[in-house]
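Data first, discussion second: the structure below is written as structure tokens.
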Amino acid sequence: QVQLVESGGGLVHAGGSLRLSCAASGRTFSTYAMGWFRQAPGKERELVAAISWNGGMSVYADSVKGRFTISRDNAKNTVYLQMNSVKPEDTAVYYCNAEGRIGYSGQYFFGGSWGQGTQVTVSS
């Protein structure tokens, strides 16, 4: 199982920016897709964005399209989530997921490895 460590969360004002990072262990990082999920209090965990093994394909939730960007650096075993123009409704715990895949229809199938989560709070 892949070990994942998220960082970069915190408190930000609405309209501001934040960049999350997720560092993965192991030597197979470049062979699988990665995803970012979030879970707000009282709500189910939802996909925010995912990226293919080589960065050639990415998918986003409609609620973050045009504001968030997912990227990866396979040399550093790290995936990023750049969050711009954040809104109070983006407040949640953000989780990194590894060993996933993106289907032909653009759906992200999550893998079995999860990080511990990082809190993002957006104040209005």
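Computation of the quantities below employed the complete heavy-atom set of this structure, encompassing side-chain atoms and omitting hydrogens, waters and symmetry-equivalent molecules.
Scanning both residues, Ile51 and Ser71, for their nearest heavy atoms gives CD1-CA, 3.7 Å. The heavy-atom pair separating Tyr95 from Gly115 by the smallest distance is CD2-O, 3.7 Å. When all heavy atoms are compared, the tightest approach of Ser113 to Leu4 is O-CD1, 3.5 Å. Taking every heavy atom of both residues into account, Leu20 and Gly9 meet most closely at CD2-N, 3.6 Å. Taking each heavy atom of Asn77 and Gly26 in turn, the nearest pair found is ND2-O, 2.7 Å. The two atoms that bring Gly55 and Arg72 nearest to each other are N-CD, 4.0 Å, heavy atoms only.
Note on Ile70 and Trp114: separate hydrophobic clusters, where clusters join Ile, Leu, Val, Met, Phe, Trp and Tyr whose side-chain heavy atoms are under 4.5 Å apart, directly or indirectly. By the rule that hydrophobic residues join a cluster once side-chain heavy atoms approach within less than 4.5 Å of another member, Val64 and Leu81 end up as members of one cluster. In the hydrophobic clustering of ILVMFWY residues, with side-chain heavy atoms under 4.5 Å counting as a link, Phe68 and Tyr108 come out apart. By the rule that hydrophobic residues join a cluster once side-chain heavy atoms approach within less than 4.5 Å of another member, Val48 and Val12 end up as members of one cluster. Both Met83 and Val79 belong to a common hydrophobic cluster when Ile, Leu, Val, Met, Phe, Trp and Tyr are linked at side-chain heavy-atom distances under 4.5 angstrom.
At least one side-chain heavy atom of Met34 sits under 4.5 Å from a side-chain heavy atom of Tyr32. A heavy-atom distance below 4.5 Å is not found between the side chains of Thr31 and Glu99. Put simply, the side chain of Lys76 does not reach to within 4.5 Å of the side chain of Ser21, judged on heavy atoms.
Atom CZ of Phe110 has 12 or fewer neighbouring heavy atoms from other residues, nucleotides or ligands inside a 6.0 Å radius. In this structure, Trp53 places its CH2 atom where only 12 or fewer heavy-atom neighbours from other residues, nucleotides or ligands lie under 6.0 Å away.
Distance check, rounded to the nearest 0.5 Å: CD of Glu46 to CD of Gln39 gives 9.5 Å. With values rounded to the nearest 0.5 angstrom, Thr69 atom OG1 is found 6.5 Å from Asn84 atom CG. If you take OG on Ser124 and NE2 on His13, they are separated by 10.0 Å, rounding to the nearest 0.5 Å.
A side-chain contact (heavy atoms from CB on, under 4.5 Å) with Val86 is found for exactly one of Val120, Thr121, Val122, namely Val122.
Judged by distance alone, with hydrogens and angles left aside, the side-chain atoms of Asn74 form no donor-acceptor pair with the main-chain N or O of Phe29 at under 3.5 Å. The closest donor-acceptor contact from the side chain of Asn97 to the backbone of Gly112 lies at 3.5 Å or more, if one exists at all. A donor-acceptor pair is defined here as one N or O able to donate and one able to accept, closer than 3.5 Å; such a pair exists between the side chain of Glu6 and the backbone of Cys96.
A cation-pi arrangement is absent between Arg67 and Tyr60 under the rule of less than 6.0 angstrom and at most 45 degrees off the ring axis.
Ionic pairing of Asp62 and Lys65 is present here: one or more N-O contacts between side-chain nitrogen and carboxylate oxygen are shorter than 4.0 angstrom.
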